[in-house]
Amino acid sequence: QFQANVQEMGSYLLKKLNKLQDSRIIDVRGKGLMLGIEFDRDIKDLVAICMRRGLLLIGAGSKVLRFVPPLNITGEEIEQAVAILSAALQEWE
C-alpha cells in the first residue's frame with residue numbers, strides 16, 4: 001500500500017511539474033518521487049528563493065532542480081510546493 005501511494009504521488013507531482021509554464025525549463029524527468037527539472041541556466045538563485053519561501057529543494061548539478069520529498073507526502077503538500085515554486089519562478093531572473 002505504501003509503495004502504491006509513492007507511485008501515485010510521484011505521478012501527481014510529475015503531472016503538476018509538467019504543467020509549469022516557463023521558457024527556461026528544458027525538461028522534467030525522474031522516477032517515483034525523485035524528480036528533477038532541468039533549466040537552461042544556473043539554478044542557485046532559484047534554490048535560494050524557494051528556500052526563503054519555505055520550500056527546500058536541492059540542485060543536481062548546476063542546472064537541475066531536484067525534488068526528493070518525504071515518501072508520505074500528500075497531494076495537498078504537493079499543491080503547496082508547486083505553488084511556491086511557481087511564485088519563485090516569477091521572482092527568479
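Here the closest heavy-atom approach between residue Gly36 and residue Val64 is recorded as CA-CG1, 4.1 Å. For the pair Trp92 and Ile43, the tightest heavy-atom approach, listed with the atom from each and the gap, is CZ2-CA, 4.1 Å. In plain terms, the two heavy atoms of Gly10 and Leu35 that are nearest each other are O-CD1, 3.8 Å. Counting all heavy atoms, side chain and backbone alike, Cys50 lies closest to Leu85 at SG-CD1, 3.8 Å. Across all non-hydrogen atoms, the minimal contact from Ala87 to Arg53 is CB-NH1, 3.5 Å.
In this structure, Glu91 places its CD atom where more than 12 heavy-atom neighbours from other residues, nucleotides or ligands lie under 6.0 Å away.
Once rounded to the nearest 0.5 Å, the distance linking CG of Asp27 with CG of Asp40 reads 12.5 Å.
No side-chain heavy atom of Val47 sits less than 4.5 Å from a side-chain heavy atom of Ile58.
Checked against Glu38 for a salt bridge (charged side-chain N to carboxylate O under 4.0 Å, His left out), the options Arg29, Lys63, Arg66 give a single hit: Arg29.
Under 4.0 Å is where a charged nitrogen must lie from a carboxylate oxygen, and between Asp22 and Arg24 at least one such pair does.
Listed by chain and residue number, Glu79 satisfy the salt bridge (charged side-chain N to carboxylate O under 4.0 Å, His left out) test with Lys16 (two or more places apart in sequence, or in another chain).
With Ser11 contributing its side chain and Gln7 its backbone, the two residues share a donor-acceptor pair below 3.5 Å.
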